[in-house]
Visitor: 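Dropping a structure here in structure tokens format, bear with me for questions.
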Amino acid sequence: MLRQDAPMKMVVMVSGGGTNLQAIIDSIKNGQITNAEIAGVISNNKNAYALKRAEENGIPGRCVSPKDYASRKEFNEKLLETVEAFSPDLVVLAGFLVVIPPAMIERYRNRMINIHPSLIPSFCGKGYYGLKVHEAALARGVKVVGATVHFVDEGTDTGPIILQKAVEVQQGDTPEILQRRVMEQAEWKILPRAIDLIANGKVQVVENRTIIEEEDAL
Ligand code: GRF
């Protein structure tokens, strides 16, 4: 459990638009997240709009792209080094599409979280990312979807679940429409909420589960 006097320092890792990053920034500004600050934003893609959001908000941004390294090993080392340079208490994967190096998982066990756009264990694991999750949900014809915030372990979407929120599927949904609704109604709410809970020492991991203190309705 993280409990500290200074604000919790976060590194947010992104690959694309950064709407989840924006939700975190906004929640810090409006007081929905307390006791936390974003020390830096790391992207694997130099054109990610998320980096622009960081810049506009005076947050240091870094790009570490696999394309710039001769081997995966070198990239992994550089990625971990870039994270470590910010000395974060919490690493937040907010739409980060690169496989996390095992050394980083070990280093940040129960201190690294991810947002996944489904109700785990549905539509998760290898190959389920981005629009593919929503395409699969519509193809299966489920009536309820949602999002999950979880700690990151060695598996794909297998770590301890922190928060989940359900969202209804509507007639005529396309993957894009559903993706947007899941973001608006679930992701942008539960990711900041999970960060606030962690920053205030309210999340405990016991084996592969979490115990949340004082969870209010979302
Ligand atoms: C979100 O749907 C998130 O759940 C997924 O990637 C997307 C990132 O969107 N892992 P954004 O970059 O935060 O806008």
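Every number for a ligand or one of its atoms is a count from 1 in the order of the listing. By convention here, the first residue in the shown sequence is residue 1.
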Visitor: Between the side chain of Arg53 and the main-chain N/O of Gly18, is any donor-acceptor distance below 3.5 Å?
Guide: yes
Visitor: Does any donor atom in the side chain of Ser65 or Asn45 lie under 3.5 Å from an acceptor atom in the other side chain?
Guide: no
Visitor: Could you tell me whether the side chains of Asp196 and Asn200 share a donor-acceptor contact shorter than 3.5 Å?
Guide: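 Per modelled atom types, Asp196 and Asn200 side chains form a pair under 3.5 Å.
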Visitor: Please give the N or O to N or O pairs under 3.5 Å between ligand 1 and the protein, distances rounded to 0.1 Å.
Guide:
unit_1: ligand 1; atom_1: 2 (O); unit_2: Glu187; atom_2: OE1; d: 3.2
unit_1: ligand 1; atom_1: 2 (O); unit_2: Glu187; atom_2: OE2; d: 3.2
unit_1: ligand 1; atom_1: 4 (O); unit_2: Glu187; atom_2: OE1; d: 2.7
unit_1: ligand 1; atom_1: 4 (O); unit_2: Glu187; atom_2: OE2; d: 3.4
unit_1: ligand 1; atom_1: 10 (N); unit_2: Ile115; atom_2: O; d: 3.4
unit_1: ligand 1; atom_1: 12 (O); unit_2: Gly17; atom_2: N; d: 3.4
unit_1: ligand 1; atom_1: 12 (O); unit_2: Gly18; atom_2: N; d: 2.7
unit_1: ligand 1; atom_1: 13 (O); unit_2: Thr19; atom_2: N; d: 3.2
unit_1: ligand 1; atom_1: 13 (O); unit_2: Thr19; atom_2: OG1; d: 3.4
unit_1: ligand 1; atom_1: 13 (O); unit_2: Asn20; atom_2: N; d: 2.8
unit_1: ligand 1; atom_1: 13 (O); unit_2: Asn20; atom_2: ND2; d: 2.9
unit_1: ligand 1; atom_1: 14 (O); unit_2: Gly18; atom_2: N; d: 3.3
unit_1: ligand 1; atom_1: 14 (O); unit_2: Thr19; atom_2: N; d: 2.8
unit_1: ligand 1; atom_1: 14 (O); unit_2: Thr19; atom_2: OG1; d: 2.6

Visitor: Parallel under 30°, tilted from 30 to 60°, perpendicular over 60°: which one fits the rings of Tyr128 and Phe123?
Guide: perpendicular
Visitor: Using the salt bridge (charged side-chain N to carboxylate O under 4.0 Å, His left out) rule, collect all pairs that involve residues 97-109, keeping only residues at least two apart or in two chains.
Guide: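 Passing the test, one end in residues 97-109: Glu84-Arg107, Glu106-Arg109, Arg109-Glu154.
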Visitor: At what distance, to the nearest 0.5 angstrom, does CG of Leu21 lie from CZ of Phe96?
Guide: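 Reported to 0.5 Å precision, the distance equals 13.5 Å.
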